[in-house]
2 protein chains.
Amino acid sequence: MSTISDVAARAGVSTATVSRALNGKANVDPELAARVRQAATELGYQPNGPARNLRRQEAAVVALIISDVENPFFTAIARGVEDVAHEVGYSVVLCNSDENADKENRYIDIAIQERVAGVILSPSGPAAGVAKLAARGTAYVAVDRPLPDRDSDVVLVDTRLAAAQATAHLVAQGYERIGCITGPAGVRTADDRLAGYRDTVKTTKNLVRRSEYKAAGAHRAAASLLSQPNPPDALLVANNAMAVGVLRALQELNLRPGRDVGVVAFDDAPWAELLDPPLTVVAQPAYEIGTEAARLLLARIADNTRPPTVTTLGARLIERASSHR
Amino acid sequence: MSTISDVAARAGVSTATVSRALNGKANVDPELAARVRQAATELGYQPNGPARNLRRQEAAVVALIISDVENPFFTAIARGVEDVAHEVGYSVVLCNSDENADKENRYIDIAIQERVAGVILSPSGPAAGVAKLAARGTAYVAVDRPLPDRDSDVVLVDTRLAAAQATAHLVAQGYERIGCITGPAGVRTADDRLAGYRDTVKTTKNLVRRSEYKAAGAHRAAASLLSQPNPPDALLVANNAMAVGVLRALQELNLRPGRDVGVVAFDDAPWAELLDPPLTVVAQPAYEIGTEAARLLLARIADNTRPPTVTTLGARLIERASSHR
DNA sequence: CTGAAAGCGCTAACAA
DNA sequence: TTGTTAGCGCTTTCAG
């Protein structure tokens, strides 16, 4: 593995000149620069990242810590982040925290140790790790959920409003006992979606269930809700994975979405239209969350003293037949 | 940001001792070690990764370069890799090459520059970048597709056999003009799936289409196939995203899967069962591909002289109604 | 068992 | 414009 001094020797210049030439710094004689580049190519020179990062005290890398790699909502965010970061020469590393505070903290530690320039994360709860980022002055921004007890840049979706509108849509369609299946208490998006639902239907009845943001939990929740003496005739479901569980429960009970039980779920998916009946969804602007978060992070890397901002994006109800009688 | 010398000073020992204590090396007085750990905690010491990696000439990180973060097949692989790597103290960084040779090469360069211990990748073609890994002696293993012109450890699925079996299943169900929609020529999985199809149905008719491994391309392909004078009565579809496009085309033409056109697609998905009729699929053992690849990579990191191995896993046909008349 | 010190490869003062 | 040189923070001989 050749080093900068090999290149310098071959080009007949000093290592400083090689460094300057290869990093496109001004004030290098074009002819020397050419010689340096040639020597570098001939040797197959690859700069030593750790050495560079050690010297610069920072790596041109941003870490993106998301709570579920298998959730298309988060992977779409990842694309948004990547596209913006790459434009300005940053690499993105994706870390999967799996909704698990330990893993999240572990990845935050790694990010700190590797001296990444910044971190974007979807916090899985009141994360102790984030305090470390703040303490070290590492730039970070939260997406999808705000950080409790901490103000930072954050990019959110107005999910409470979206939930309220989705519920209103079900009301408008003539459903009368609307239930809600949402995520765990304490997870902000789960609480907000429930709050939006309650903004629209004031009900004291037992029409709400919570579970993990997963299909299995939602399946149980739906089964329990629908087997009650006085079951709901419509359901607001708080994410995509949960929708799968709910729809499966409906199938098992021989209930047809739309006709028997109106269904609206958060997050659009390519297959939502393929269902019979097609699934009504609240589409969140995931890609834009990513691009916006990346832009904020870059701005904060450049200047960590700027006041924290809250960016709220809107969601869009896409009406399909699962919410029509 | 405190350094190892801060810790050393506070514990009243040398930096060498701190290093030894914190890295769990033998031969450190337990009492000193305790003092060191305490000092480290009090200072919130986080080792400087770049410095450590520079010195060690290697980072305890493996890079996973996949061709599509939004494809559940690859994210399942990612989980497999993570689970194995974490067990032995390696971190995993996920890079999304987007089926794009430039991005892939770029990520390979980054992996080399950052001196990662190894690379797992799903090659998007004859990648020049891989030669650099080999030249540098960085361990790597290919998943899903072998590397042309290069023998390395590789973890594959016997996708040709699986395609042949899936096609045979369609034949057994009484379909008589079976078509195939597969990925781009030159992509090994696409070619293999087509070959498996041809192993079963010897046809000279115009029943094959290729497109990107995406919904849009498959949609066009299906539309073109089905609007022929003598259209197919069944379709083998080479991946999950494509299945979405094909099913959409069927919907538009008012053709019902199973009854009108038999459909089998590669890759299972949680929503496959929700469709009406449910989708018959060839389920690939994605998670196991990941765990196996990680194990091979670890072995190769330990000993790069071992002969390359080819691991082939089987796929499983899951029969559902879309392939029943 | 512990400490002193060299040096990994690079960049950025500082000099020339 | 170019070169010389001093570290960045860590691990690891080598002495003690």
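Chain identifiers are assigned alphabetically (A, B, ...) following the order of the sequence lines, protein sequences preceding nucleic acid strands; residue numbering begins at 1 within each chain. Atom set for the values below is all heavy atoms of this structure, side chains included, hydrogens, waters and symmetry mates excluded.
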Using five pairs at either end of the helix from C:dC1-D:dG16 to C:dA16-D:dT1, determine the angle between the two local helix axes and round it to 10 degrees. 40°
[options]: which one has an atom nearest the side-chain heavy atoms of [X]?
X: B:T15; options: D:dT11, D:dT5, D:dC10; answer: D:dT11
X: B:D29; options: C:dA12, C:dT2, C:dT11; answer: C:dT2
X: B:T3; options: D:dG9, D:dT2, C:dA4; answer: D:dG9
X: B:A16; options: C:dA4, D:dT5, C:dG9; answer: C:dA4
X: A:L54; options: D:dG9, C:dT2, C:dA12; answer: D:dG9
X: A:N27; options: D:dC8, D:dT1, D:dG3; answer: D:dT1
X: A:S14; options: C:dT11, D:dG3, C:dG3; answer: D:dG3

Side-chain donor/acceptor contact of B:R20 with base of C:dG3 under 3.5 Å: yes
Atom-to-atom span, CG of A:L22 to P of C:dG9 - whole angstrom: 16 Å
Can you check side-chain hydrogen bond (donor to acceptor under 3.5 Å, both in side chains) on B:T189 and B:Y213, steps first, answer last? CA-CA 10 Å; B:T189 50; B:Y213 265 139; 2.9 Å; yes
So that I can tick it off, tell me whether A:E58 and A:R136 are bridged by a salt bridge, with the cut-off set at under 4.0 angstrom between side-chain N and carboxylate O. no
Could you tell me whether A:R20 and A:D29 have a side-chain N and a carboxylate O separated by less than 4.0 Å? no
Quick one: label B:P47 by what it contacts on the DNA or RNA (base, sugar-phosphate, nothing), any heavy atom closer than 4.0 Å. sugar-phosphate
Which is true for A:N53 with a 4.0 Å heavy-atom rule: it touches a base, it touches only sugar-phosphate, or it touches nothing? nothing
Sequence neighbours excluded, the answer for side-chain contact (heavy atoms from CB on, under 4.5 Å) partners of A:E292 is A:V155, A:R295, A:L296, A:T311
Output yes when at least one side-chain N/O atom of A:K25 is less than 4.0 Å from OP1 or OP2 of C:dA12, else no. yes
Determine: side-chain N/O of A:T17 to OP1/OP2 of D:dG3, distance under 4.0 Å, yes or no. yes
Hey, is the main chain of A:K103 close enough, under 3.5 Å, to the side chain of A:D98 for a donor-acceptor pair? no
With sequence neighbours excluded, what pairs up with A:Y107 under the ring-ring contact (aromatic ring centres under 6.0 Å, His included) test? B:H86
